[in-house]
Colleague: 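First the structure, then my questions, so here it is.
Protein chains get the first letters and strands the later ones, always in sequence-line order, with residue 1 at the start of each.
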Number of protein chains: 2
Amino acid sequence: MNLTTAEENYLKAIYHLSDGGSKSVSTNDIAGEMKTKPASVSDMLRKLSDKEVIEYRKYYGVHITEEGKKRALQTIRKHRLWEVFLVDKLNFAWDEVHEVAEELEHIQSPLLIQRLDAYLNYPKFDPHGDPIPDEYGDVRARPRVPLNEMDLDQTGQIVAVKDSSAAFLRYLDKVGAYIGARIKVLDRVEFDGSLEILVDNKKNIFMSKDVAGNILVIQS
Amino acid sequence: MNLTTAEENYLKAIYHLSDGGSKSVSTNDIAGEMKTKPASVSDMLRKLSDKEVIEYRKYYGVHITEEGKKRALQTIRKHRLWEVFLVDKLNFAWDEVHEVAEELEHIQSPLLIQRLDAYLNYPKFDPHGDPIPDEYGDVRARPRVPLNEMDLDQTGQIVAVKDSSAAFLRYLDKVGAYIGARIKVLDRVEFDGSLEILVDNKKNIFMSKDVAGNILVIQS
DNA sequence: AAATTAAATTAGATTTAGCTAAAAATATAT
DNA sequence: ATATATTTTTAGCTAAATCTAATTTAATTT
């Protein structure tokens, strides 16, 4: 059974909102994510349910099925491979690629994706640091390293913190080192191990080795 | 005014059927080309006429407007650039690319096409030897050279013959050197200037310098 | 437990792109 | 010039994907 472009987009949204299929997702949340109205979502859920990519109990939200997960991961794979292409080959900035990849991901040609993958040298992560599922939908989660263990000039993305006390989070927020921020290690002071970090390609911040040790990063 | 994917495809068909806008085109011919029914074509012609990309007098066929020509050429440009990408970068065979390019040509991103063009080194012809219009829709027709003037290992496509006598055409037909055939110069005998030619990547043929001089080729 | 609020669904329209069948206009042939 | 054939258009229907407005179901509050 084939999915239309709209169905593919809904399925991807459901996959993301459900954290890869673990949670159940509400109609309203999907409407928010898809920038559409709940009424439209209800219609679409019936269709997706007919095609057996979700399990749908009216008024009780949806669960993605194994088949649905596989389909969603294929779409995500295509999206992320195209993002790598746009950044690595066509010199797009990493924050310019999403919209175009959103269109490219719906091109139907398994051969194209296979060849593109090879051409890009089988990348495992997209320009945002998100993992690229393989042909079979397997995803290898990227190892997380404490920020203070990164090499000089290494780039990465903040994905989590070890110490989640309010004080620490408040500090991070203040300096702009939010979860999801793109960072680069600009300098390391040998004396105390403190770091100079570039955040989102625009803001330089300094932090102690201690602080950096509590920030988890995926490298890219 | 933006065109939908379907409208873009109809406009391209009209452009081709009208020989680049010089002839008027009938509803039936469009239906044939688009593999759809004349009734559907009538509907679409009304839409294209509303958007002022064609001039439409009921029962008397259509003419493409200047604006329509520009739009069609942009779509053709995108199609052919993607074909070059697929062949040059992803190692598709030149006869495998059409369907995929048919989808890729509808991706909406001027920046993407600009970057792709640069990445491919501003190609002037697609893998079938057809010219790629520039950003402004200008097309430079490819120069035709007699086959005997081609260099060793050069590839190209047969586009015309100088001598169109029945005997000559019968000979060409017999050896498989039809108009449109892809050829490659494999060897040249210094003694008499005769050539060994690979046709459509599968058949080796030999021909005298005289014969080759009567075959016009575009190089690729 | 009843009333209120929030969330989700249904009913009924709209738009796009297709279809079939019938009607109308144009072209051709006797 | 009338009849026939061909081409084209219109009318009316379907399916996908949206919308608004109304209704129904579930959750929350008092």
Colleague: Just to verify, what does A:Glu105 make a side-chain contact (heavy atoms from CB on, under 4.5 Å) with, not counting sequence neighbours?
Modeller: A:Asn9, A:Lys12, A:Thr75, A:Lys78, A:His79, A:Glu102
Colleague: If you look only at pairs with a residue in residues 24-41 of chain A, which of them pass as a salt bridge (Lys or Arg N to Asp or Glu O under 4.0 Å), with sequence neighbours excluded?
Modeller: none
Colleague: Please report the distance, rounded to the nearest Å, between OH in B:Tyr60 and P in D:dT8.
Modeller: 12 Å
Colleague: Going by atom type alone, with no hydrogens or angles, which donor-acceptor pairs under 3.5 Å involve a side-chain atom of residues 39-58 of chain B and a protein atom two or more places apart or on another chain?
Modeller:
residue	atom	partner	partner atom	Å
B:Lys51	NZ	B:Asn2	O	2.9
B:Lys51	NZ	B:Glu7	OE1	2.9
B:Lys51	NZ	B:Glu7	OE2	3.3

Colleague: Can you list the residues that meet the ring-ring contact (aromatic ring centres under 6.0 Å, His included) rule with B:His128, with sequence neighbours excluded?
Modeller: B:Trp94
Colleague: Please enumerate all residues that pass salt bridge (charged side-chain N to carboxylate O under 4.0 Å, His left out) together with A:Asp138, with sequence neighbours excluded.
Modeller: none
Colleague: For residues 10-54 of chain B, which residue pairs pass the ring-ring contact (aromatic ring centres under 6.0 Å, His included) check, not counting sequence neighbours?
Modeller: none
Colleague: Atom CG of A:Leu11 and atom C1' of D:dA17: how far apart are they, to the nearest Å?
Modeller: 17 Å
Colleague: Within this structure, what is the CG-to-P distance between B:Asn2 and C:dT15, rounded to whole angstrom?
Modeller: 18 Å
Colleague: ring-ring contact (aromatic ring centres under 6.0 Å, His included) with A:His106: which residues, sequence neighbours excluded?
Modeller: none
Colleague: Could you go over nucleotides 10-14 of chain D and give all protein N or O partners under 3.5 Å, atom names and distances?
Modeller:
residue	atom	partner	partner atom	Å
D:dT10	OP1	B:Lys58	NZ	2.4

Colleague: Enumerate the residues from residues 14-26 of chain B whose closest heavy atom to DNA chain D is under 4.0 Å, giving them by residue number; use none for an empty result.
Modeller: B:Ser26
Colleague: Please report the distance, rounded to the nearest Å, between CG in A:Leu48 and P in C:dA8.
Modeller: 16 Å
Colleague: Would you mind reading off the distance between A:Leu45 atom CG and C:dT10 atom C1', rounded to a whole angstrom?
Modeller: 14 Å
Colleague: Scan residues 3-10 of chain A against DNA chain C and write down, sorted by residue number, each residue with any heavy atom closer than 4.0 Å; if none is found, say none.
Modeller: none
Colleague: For the atom pair CD1 (A:Ile205) and CD1 (A:Ile183), what is the distance rounded to the nearest 0.5 Å?
Modeller: 9.0 Å
Colleague: Under the rule for side-chain contact (heavy atoms from CB on, under 4.5 Å), what residues qualify as partners of A:Pro133, not counting sequence neighbours?
Modeller: A:Leu73, A:Ile76, A:Arg77, A:Val139
Colleague: B:Lys37 NZ to C:dA22 P: how many Å, rounded?
Modeller: 16 Å
Colleague: Would you please name every residue forming a side-chain contact (heavy atoms from CB on, under 4.5 Å) with A:Tyr136, sequence neighbours left out?
Modeller: A:Asp134
Colleague: Does A:Thr27 have a side-chain nitrogen or oxygen under 4.0 Å from the phosphate oxygens OP1 or OP2 of C:dT9?
Modeller: yes
Colleague: Rounded to the nearest Å, what distance is computed from the CE atom of residue A:Met34 to the C1' atom of nucleotide D:dT18?
Modeller: 12 Å
Colleague: Using a 6.0 Å distance limit plus a 45 degree cone around the ring axis, check whether A:Arg115 lies over the aromatic ring of B:Phe92.
Modeller: yes
Colleague: Given C:dA6, is OP1 or OP2 found less than 4.0 Å from the side-chain N or O atoms of A:Asn28?
Modeller: no
